[in-house]
Amino acid sequence: MHLKRRTMLGGMAAAAAFLSAPVALGQSRPRVVVIGGGSGGATAARYIARDSDGAIDVTLVEPTRSYYTCYFSNLYLGGFWELADLGHSYGTLAARHGINVVHDWAVAVDRDAKTVALAGGGVLPYDRLVLSPGIDFVEDSVPGWSIAAQNRMPHAYKAGSQTELLKAQVDNMRAGGTFAMVAPPNPYRCPPGPYERISMVAHILKERNPTAKILIIDPKETYSKQSLFEDGWGRHYPGMIERIGPEFGADNISVNPDAMEVDIDGTIEQVDVCNVIPAQKAGRIAELAGLTADSGWAPVVPANMKSRMDDNVYVLGDASAQGDMPKSGFSANSQAKVAANSIRHELTDSRLFPARYSNTCWSLIGTDDGVKVGANYEPTEEKIASVEGFISQVGEDAELRRQTYEESIGWYNGIIADMFT
Ligand SMILES: Cc1cc2nc3c(=O)[nH]c(=O)nc-3n(C[C@H](O)[C@H](O)[C@H](O)COP(=O)(O)OP(=O)(O)OC[C@H]3O[C@@H](n4cnc5c(N)ncnc54)[C@H](O)[C@@H]3O)c2cc1C
């Protein structure tokens, strides 16, 4: 009796598995390759593997063994977090979810053959491909700067050794020296990121080097959460920060890394630390795969994050041109869940849910002084469109600001669990 019951249950489970996986008997499991193990890629790989219960073969290609988050890297610059707090490894994705994690670079995509070539010589076939390679920099967007100069003038816009280098430069800057930031033009990863960085650099300099100066050279007329940052800088760091906008020539600059000079519309500024954040475009593999437009970003279908160039390919996160969502870890994570649902639906006939997207970007201006901006989004034919938003207000009380900062830590722990556990 007992045996019979067990047999029956086994039979039902097998039938259910067969129904949910419309792959002919004897054929291998459908294969998904994910390029890039960051906010978009790690989330997508984890959700596809976890929710398909082994019905889909998932391979994640990522060159680094530890992913260092850009989010909260500014807090490391400000002395609030340690570098080790930002690093996360891929072991659990492999051990718990059966994801085949390959530490290598994807160097080419053959979209006709549906294969990905790896720098190490391997070739990975796929039924669906997910690209979430983040950003690369537009060559010559800051004349005089190139990747060869990134140790003299770090960008610290991909986290890890660059962030560590910038922190060491700030911490060791001469007394009364000048920290300069060349801010990027739109669109770029994390709109409030440069200005949170300014806040955190000011925080550490106020403690260690109070006569130092901070210069922002910014080609944009306006920037994210501007009134909140300006109010906060006035309260926490009076007289320390100066911003030069395009009206004073900040859209006509060049740098000389050897001489540590910035030429702003013909006026030479001698600086001690120079954080150059160049103009950005989709991570190079998206371009090599022929998935980017003239803008440098990869257009996607708003309802599911599929590339507009290829029905078998999805592009997530910063690399995608999707509409109103800012390029953020929160956005990439939100987009990855929509794409994972669509891929499982296509490959295993699982239920398809309507796409819903959301984002919040928190920034820390000073100790316990957190602010945020965010919105919900819905797909239209043309783009992912913002439907309702919110933003912190100037003049909020200290307790609300402290709670906003606490909320950001909760978000950090949540997204890391969503990507790596
Ligand atoms: C200073 C700073 C602060 C930020 N703060 C926040 C914040 O508070 N909140 C927030 O939501 N966002 C924040 N962001 C933005 C956030 O980091 C990015 O928007 C997010 O990481 C984008 O996710 P992604 O998957 O597109 O790219 P990434 O997370 O960068 O992942 C891309 C991955 O692809 C890999 N890769 C690239 N090319 C290849 C290849 N050819 N083959 C294999 N792998 C490849 C890379 O190694 C990388 O691991 C911040 C960014 C910065 C710079």
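Heavy-atom basis, side chains included; hydrogens, waters and symmetry copies ignored. As the structure lists them, so they are numbered: ligands from 1, and atoms in each ligand from 1. None of these values were measured; they are calculated from a predicted model.
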Show me the side-chain donor-acceptor pairs of residues 70-77 shorter than 3.5 Å, one per line, residues at least two apart or across chains.
{"residue": "Y71", "atom": "OH", "partner": "S39", "partner atom": "OG", "Å": "2.7"}
{"residue": "S73", "atom": "OG", "partner": "C70", "partner atom": "O", "Å": "2.6"}
{"residue": "N74", "atom": "OD1", "partner": "R197", "partner atom": "NE", "Å": "3.1"}
{"residue": "N74", "atom": "ND2", "partner": "G193", "partner atom": "O", "Å": "3.2"}
{"residue": "N74", "atom": "ND2", "partner": "E196", "partner atom": "OE1", "Å": "2.8"}

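A side-chain donor-acceptor contact under 3.5 Å links D218 and Y195.
Enumerated by chain and number, the residues approaching ligand 1 to less than 4.0 Å through a heavy atom are I35, G36, G37, G38, S39, G40, V61, E62, P63, Y67, C70, Y71, S73, N74, D104, W105, A106, S132, P133, G134, Y157, R189, C190, R197, I285, G317, D318, K327, S328, G329, F330, A332, W362, W411.
Within a 6.0 Å radius of CD in E82, other residues, nucleotides and ligands contribute 12 heavy atoms or fewer. In the displayed structure, N186 atom CG is contacted under 6.0 Å by more than 12 heavy atoms of other residues, nucleotides or ligands.
In this structure, H97 has no ring pair (Phe, Tyr, Trp, His ring centres under 6.0 Å) partners at least two apart in sequence or on a different chain. Take E381 and apply the side chain to side chain donor-acceptor pair (under 3.5 Å) test, not counting sequence neighbours, and it matches no residue.
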